[in-house]
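Structure first, then comments.
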Amino acid sequence: MRYLQIFVFCFFVIQTILAHGCFQREREALLDFKASVSDPSGSLVSWRGKECCTWAGIKCSNQTGHVVKLNISVPDHSDSDFYDFDASPGNILNGEISRSLLGLEDLKHLDLSNNNFIGNTFPDFICSFRNLKYLDLHNTGLSGIIPSQLSNLSKLYYLDLSYNDLSGIIPPEFSNLSKLQYLSLGAT
């Protein structure tokens, strides 16, 4: 009987979180990011209202309701079923990767690949996402030095920074990325 009470309580807590949409801080972070980019094809048109967990390219945790995935990549092949939003070739975002994303403290998956952030240096703040497991920024036009602080992302298992204008050596601190299974720095 006690387990049933706990289950019912947890069920109502989760339902309450999901019924109220995403957390205001996270919604504001995503809207600030949207404001920092040019979206000529309207790829982010669903980014309005309070329920950011239903927005294109956003996934929230079923347990906590926090945003855990941001995937607004543009495919470089014909497998459009793989992507979380309408990512036809004309749907390229331009602008800068806003620091507002720091409001997504539970983010585990970040994929902004094949968008146009030319003229921007690698956004060092990304190295602050302690829960990040998947980072794909390939072919985004980023420049600068590959930051050694990426080694702070101890849960990272996937890292793709290929086809950018990054320079320097692979930071020796990358040896601390003990969970890293995939690393691509080609044409960088």
Problem set entry | Side-chain donor/acceptor of Asn152 to backbone N/O of Leu150, under 3.5 Å | no
Problem set entry | Distance-minimising heavy-atom pair for Trp55 and Leu30 | CZ3-CB, 3.8 Å
Counting only pairs under 3.5 Å, give me each side-chain donor-acceptor contact of residues 96-108, with atom names and distances, residues two or more places apart or in other chains.
| residue | atom | partner | partner atom | Å |
| --- | --- | --- | --- | --- |
| Ser98 | OG | Ser100 | N | 3.0 |
| Ser98 | OG | Ser100 | OG | 3.0 |
| Ser100 | OG | Ala29 | O | 2.9 |
| Ser100 | OG | Phe33 | N | 3.2 |

For this session: Treating Ile, Leu, Val, Met, Phe, Trp and Tyr as nodes and any side-chain heavy-atom pair under 4.5 angstrom as an edge, say whether Leu156 and Phe129 lie in one connected cluster.
Result: yes
For this session: Without swapping roles, check the side chain of Ser151 against the backbone of Ser148 for a donor-acceptor pair under 3.5 Å.
Result: yes
Exercise. Do Ser167 and Ile145 come within less than 4.5 Å of each other through their side chains, counting heavy atoms only?
Worked result: yes
Exercise. Are we looking at SG atoms under 2.5 Å apart for Cys22 and Cys52?
Worked result: yes
Exercise. Step by step, would you call Asp111 with Tyr134 a side-chain contact (heavy atoms from CB on, under 4.5 Å)?
Worked result: CA-CA 8 Å; Asp111 189 343; Tyr134 185 102; 4.0 Å; yes
Problem set entry | Stepwise side-chain contact (heavy atoms from CB on, under 4.5 Å) test for Leu135 and Ile126 | CA-CA 9 Å; Leu135 177 59; Ile126 287 178; 3.8 Å; yes
For this session: Kindly state each residue pair satisfying ring pair (Phe, Tyr, Trp, His ring centres under 6.0 Å) with at least one member in residues 163-187, sequence neighbours excluded.
Result: Tyr158-Tyr182
Exercise. So does Gln24 have more than 12 non-hydrogen atoms from other groups sitting under 6.0 Å from CD?
Worked result: no
Problem set entry | Reported CD1-to-NZ distance for the pair Ile58 and Lys69, which is rounded to 0.5 angstrom | 10.5 Å
